[in-house]
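Letters A, B, ... mirror the listed sequences (proteins, then strands); counts begin at 1.
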Amino acid sequence: MIAVMFTDFQQSVWEALKTIPRGKVTTYGEIARYLGRPRAARAVGSAVGKNPNAPEVPCHRVVPSSGLVGNYSGPGGRDGKIKLLKEEGVVFERGKVGEFYRF
DNA sequence: GGCCTGACTTTAG
DNA sequence: GCTAAAGCCAGGC
């Protein structure tokens, strides 16, 4: 008896986010590629956006390939997200991520 | 089963 | 460096 509240894909995305070390950031494309769907960046974004495990899943460590923060809809918005990342040790260059983490 | 939306990516101008 | 358009995947209705 299994009430699938969340799909396997979503759980996989969250698991991938949890593998990101503190002070590092990755892109949706990287996560999608890690899951075996290098073109599922949008699906990854949607899954992360649902993020029911906010404190458990470091969604703030995920950024688009542009290096920008992206459409973060959480508390504090993009500014709060950037500030939080900087607090974790992430280097920002002119409002952009200096380096990405690769699986 | 089909259509629309979305925290994206990539290529071209 | 910026803007515009097309592509791809999963979820929701």
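- Minimum interatomic distance between A:Phe100 and A:Gly67 (heavy atoms only, all atoms of both residues): CZ-CA, 3.6 Å.
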Paired and unpaired positions of DNA chain B as dot-bracket, Watson-Crick or G-U wobble under 3.5 Å, | denoting a partner strand = .|||||.||||||

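- For the pair A:Gln10 CD and C:dG12 P, the computed distance is 7 Å after rounding to whole Å.
- The interatomic distance linking A:Arg78 (CZ) with B:dA7 (C1') rounds to 9 Å, in whole Å.
- Here A:Ala40 lies in heavy-atom contact (under 4.0 Å) with sugar-phosphate atoms only.
- Checking the phosphate oxygens (OP1, OP2) of C:dC8, no side-chain nitrogen or oxygen of A:Arg37 falls inside 4.0 Å.
- Taking each heavy atom of A:Val90 and A:Lys24 in turn, the nearest pair found is CG2-N, 4.0 Å.
- When all heavy atoms of A:Glu87 and A:Arg22 are compared, the closest pair comes out as O-NH2, 3.6 Å.
- A 6.0 Å sphere centred on CZ of A:Arg37 holds no more than 12 heavy atoms belonging to other residues, nucleotides or ligands.
- Atom CZ in A:Arg102 sits 9.0 Å away from atom OG1 in A:Thr26 (nearest 0.5 Å).
- Distances shorter than 4.0 Å separate some side-chain N or O of A:Thr7 from OP1 or OP2 on C:dG11.
- The OH atom of A:Tyr28 lies 10.5 Å from the OG atom of A:Ser65; values are rounded to the nearest 0.5 Å.
- Atom C1' of nucleotide B:dC8 and atom NZ of A:Lys50 are separated by 14 Å, given to the nearest angstrom.
- Salt-bridge formation is detected for the pair A:Glu15/A:Lys18: a Lys NZ or Arg NE/NH1/NH2 atom is positioned less than 4.0 Å from an Asp or Glu carboxylate oxygen.
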Pairs under 3.5 Å (N/O, protein and nucleotides 9-13 of chain B):
{"from": "B:dT9", "atom 1": "OP1", "to": "A:Ser65", "atom 2": "N", "distance (Å)": "2.9"}
{"from": "B:dT9", "atom 1": "OP2", "to": "A:Ser65", "atom 2": "N", "distance (Å)": "2.9"}
{"from": "B:dT9", "atom 1": "OP2", "to": "A:Ser65", "atom 2": "OG", "distance (Å)": "3.4"}

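- Here C:dT3 presents its P atom at 12 Å from CG of A:Leu68, a figure rounded to the nearest Å.
- Look at CZ on A:Arg94: it is 13 Å from C1' on C:dC2, rounded to the nearest Å.
- To the nearest 0.5 angstrom, A:Tyr101 atom OH is 11.0 Å from A:Ile31 atom CD1.
- In A:Tyr34, the OH atom is not crowded: 12 or fewer heavy atoms of neighbouring residues, nucleotides or ligands sit closer than 6.0 Å.
- Rounded to an integer number of Å, the gap from A:Leu17 CG to B:dA7 P is 15 Å.
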